[in-house]
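All remarks here apply to the structure that follows.
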Amino acid sequence: MLNVNEVKIPGIEKIELPLMIKVQQIIPDDHITDVSITLNNEMNRFLENNNNSNPFLNKKVAITAGSRGIDRIAEVIKSLVAEIKLLGGSPFIVPAMGSHGGGEAEAQKEILANYGITEEKMDAKIVSSLKVEKVGETKDGISVFVDSESLQADAIVVVNRVKVHTDFAGDVESGLMKMMAIGLGKHVGASTLHYYGFDLFSELIPEVGLKIIEKTPIAMGVSLVENAYDKLCLIKISKPVDFYQDEKELLKMQKKLMPEIPFEEIDILIVDEIGKEISGSGMDTNVVGRSKNIEKNIKIILPLDLTDSSHGNAAGIGLADITTKKLFNKIDFNITYTNILTSGKHQGGRLPIVLKDDEFAIKTAMRLLKKNKKDIKLVRIKNTLHIIEMEISEKLIEDIKDNNKVRILGELKQLKTDDKGDLLSYPYV
């Protein structure tokens with residue numbers, strides 16, 4: 001058990017927490033209100049463009065479900081199951097999440113259950129296995145693997161959110177191509193591709209995805225896009241031949257929808273929670289920087305807690321500078337290191353300084369930066385998915401006074417913690 005309760009830092013007792021205020025970014029919130037109707041309309045459009053040829057009649061159909069916290073993903077999968085049944089197919093669900101869940105079949109099924117994807121709720125079997133088969137090779141001889149259970153199907157439907165990736169940049173990043181290459185590749189396939197490093201992913205992911213389309217019964221792709229509030233705003237169904245181009249265009253759209261933290265310089269970024277369902281790296285590097293050559297001029301990143309949905313997977317904790325004993329005690333190092341070593345990004349497993357509680361950690365960061373409560377530029381966010389609203393220290397108010405895309409909510413309040421040293425929520429009472 002980690003014991004950091006007796007860490008001594010001279011002068012920390014003199015440090016006072018800053019005054020904070022809540023602010024909100026002004027961003028449109030257009031989103032889908034009825035998933036089943038939207039999916040039905042998109043399915044009808046897909047069938048019309050396919051000359052009304054039914055690709056699912058009397059067929060056993062595998063539907064992929066991943067490990068990211070996609071908005072309303074249970075509704076999407078349930079509606080998709082219903083649509084395929086109406087078309088005469090027999091759908092089942094396969095967890096497609098590479099090495100997540102510690103590379104264990106039952107754990108991957110449990111991850112889906114946390115998102116509301118269960119056999120009872122979906123009215124479909126969930127078939128979880130780590131067995132794979134080699135279906136081909138890339139031009140450079142890299143083996144391509146696919147989930148054995150999916151290969152038993154007559155048709156495979158690929159479902160994923162289209163989103164910028166945290167570790168590589170390309171025409172396509174996180175979407176249908178990655179779901180096939182990494183998700184359907186299970187632990188073996190994910191390990192194989194990650195061995196070659198993220199520097200090659202912009203070319204490797206599309207090549208592997210196209211090989212899987214060529215060699216397996218991929219029948220349809222369902223791309224999901226979320227708006228700046230992480231709400232589902234678009235569903236697009238594509239034919240396999242259109243996967244790459246459609247995903248390329250949807251990625252451009254998603255980049256325009258992504259919010260940013262609206263400050264050029266931050267001394268301390270407090271992140272209430274990190275987790276795998278929030279980002280593959282726990283914290284989205286497109287928001288916090290420190291990867292993909294993205295710099296956000298944040299001096300100290302301080303995550304306070306790990307989400308329960310992460311099941312102890314703290315991959316990406318290496319992005320942080322300081323953290324809390326509360327977060328550290330939730331880490332399952334077997335699951336975390338399995339994921340990190342599979343990805344080949346060992347830096348993501350490096351541990352930051354661990355301190356006894358939120359208050360002690362924040363004051364330590366302030367002392368390291370030699371900033372008092374009046375001078376510190378501090379931003380607090382829930383997580384990197386939720387940055388529309390945030391709390392900022394009084395020093396940063398000057399930075400937004402002429403920004404018509406940010407409005408102030410409430411008034412300055414003294415940042416406080418409870419008797420355990422955990423931060424209270426604004427207005428800190």
Side-chain angles (χ1 to χ4, degrees), residues 61-78 80-81 91-133 144-153 156-161 163 174-176 178-194 208 212 216 222 224 275-282 306-316 330-344 348:
V61 184
I63 302 172
T64 70
S67 56
R68 297 288 188 254
I70 301 171
D71 182 47
R72 303 171 78 179
I73 186 60
E75 292 180 59
V76 171
I77 299 296
K78 184 174 182 177
L80 193 53
V81 166
F92 66 97
I93 299 163
V94 293
M97 53 186 77
S99 64
H100 295 179
E104 297 290 338
E106 194 58 34
Q108 293 193 348
K109 196 172 180 179
E110 290 174 7
I111 289 173
L112 293 187
N114 283 336
Y115 298 142
I117 301 173
T118 65
E119 294 184 347
E120 294 74 22
K121 292 179 180 178
M122 300 298 103
D123 194 23
K125 283 282 187 184
I126 298 177
V127 184
S128 186
S129 169
L130 271 296
K131 295 180 181 179
V132 294
E133 295 180 25
V144 176
F145 296 96
V146 171
D147 169 53
S148 296
E149 296 294 341
S150 298
L151 291 175
Q152 299 302 310
I156 301 172
V157 175
V158 185
V159 183
N160 202 15
R161 173 178 56 194
K163 190 177 187 295
S174 186
L176 299 180
K178 182 171 177 285
M179 176 58 81
M180 290 185 291
I182 303 293
L184 279 175
K186 298 287 185 167
H187 192 183
V188 172
S191 299
T192 300
L193 298 188
H194 280 102
V208 172
I212 290 172
T216 71
V222 182
L224 311 172
K276 286 298 290 187
E277 80 278 21
I278 294 166
S279 171
S281 55
L306 183 65
T307 63
D308 293 337
S309 297
S310 292
H311 293 275
N313 190 338
K330 290 186 178 180
I331 298 175
D332 184 318
F333 285 95
N334 290 315
I335 289 175
T336 300
Y337 288 165
T338 295
N339 190 193
I340 287 171
L341 295 174
T342 298
S343 74

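For this chain, numbers begin at 1 and follow the sequence in order.
When all heavy atoms are compared, the tightest approach of P91 to I63 is CB-CD1, 3.9 Å. For the pair G275 and T307, the tightest heavy-atom approach, listed with the atom from each and the gap, is CA-OG1, 3.7 Å. Here the closest non-hydrogen pair linking I126 and I117 is CD1-O, 3.5 Å. Across H311 and I335, no two heavy atoms sit closer than the pair O-CD1, 3.3 Å. The shortest heavy-atom contact between T336 and A315 is CG2-N, 3.7 Å. In terms of heavy atoms, I93 sits closest to A124 at CD1-CB, 4.3 Å.
Side-chain atoms of S128 and E106 form no donor-acceptor pair, as typed in the model, at a separation below 3.5 Å.
Counting heavy atoms from C-beta on, the side chains of M180 and T216 never come closer than 4.5 Å. Considering only heavy atoms from C-beta on, L80 comes within 4.5 Å of V157 through its side chain. Between I70 and L224 the shortest side-chain heavy-atom distance falls below 4.5 Å. Between M97 and I111, some side-chain heavy-atom pair lies under the 4.5 Å cut-off.
Legend: salt bridge (charged side-chain N to carboxylate O under 4.0 Å, His left out) pairs involving residues 119-128, not counting sequence neighbours, sorted by first then second residue: K85-D123, K109-E119.
Applying the ring-ring contact (aromatic ring centres under 6.0 Å, His included) test to Y115 and every residue at least two apart in sequence or in another chain returns nothing.
D332 places no side-chain N or O within donor-acceptor distance of the main-chain N or O of G312, the cut-off being under 3.5 Å. Side-chain N or O atoms of S310 include one that pairs as donor or acceptor with a backbone N or O of K276 at under 3.5 Å. Looking only at distances, no side-chain donor or acceptor of T64 sits under 3.5 Å from a matching main-chain atom of A96. Counting only distance, with no hydrogens or angles, the side chain of T118 and the backbone of A113 share no donor-acceptor pair below 3.5 Å.
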Please set out all donor-acceptor pairs under 3.5 angstrom arising from side-chain atoms of residues 185-193, sequence neighbours excluded.
unit_1: K186; atom_1: NZ; unit_2: P95; atom_2: O; d: 2.6
unit_1: K186; atom_1: NZ; unit_2: S129; atom_2: O; d: 3.0
unit_1: H187; atom_1: NE2; unit_2: T342; atom_2: OG1; d: 3.2
unit_1: S191; atom_1: OG; unit_2: H187; atom_2: O; d: 2.7
unit_1: T192; atom_1: OG1; unit_2: V188; atom_2: O; d: 2.8

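S174 contributes atom OG, which lies 7.5 Å from atom NZ of K163 (distance to the nearest 0.5 angstrom). One finds the CG atom of N114 at 9.0 Å from the CG atom of D308 (value rounded to the nearest 0.5 Å). Rounded to the nearest 0.5 angstrom, N334 CG and N339 CG are separated by 12.5 Å. Here the CD atom belonging to E149 is positioned 12.0 Å from the CG atom belonging to L184, to the nearest 0.5 angstrom. The CG atom of L306 sits 6.5 Å away from the NZ atom of K330 when rounded to the nearest 0.5 Å.
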TODO: Begin with the C-alpha distance, continue with both residues' side-chain angles, and end with the deciding distance and a verdict on side-chain contact (heavy atoms from CB on, under 4.5 Å) for Q152 and E133.
DONE: CA-CA 11 Å; Q152 299 302 310; E133 295 180 25; 4.0 Å; yes
- [ ] Show your working on side-chain contact (heavy atoms from CB on, under 4.5 Å) between T338 and E104 and close with a plain yes or no.
- [x] CA-CA 10 Å; T338 295; E104 297 290 338; over 6 Å; no
TODO: Decide yes or no on side-chain contact (heavy atoms from CB on, under 4.5 Å) for V132 and V146, but give the supporting numbers first.
DONE: CA-CA 5 Å; V132 294; V146 171; over 6 Å; no
Task: Stepwise side-chain contact (heavy atoms from CB on, under 4.5 Å) test for D147 and L151 - done: CA-CA 7 Å; D147 169 53; L151 291 175; over 6 Å; no
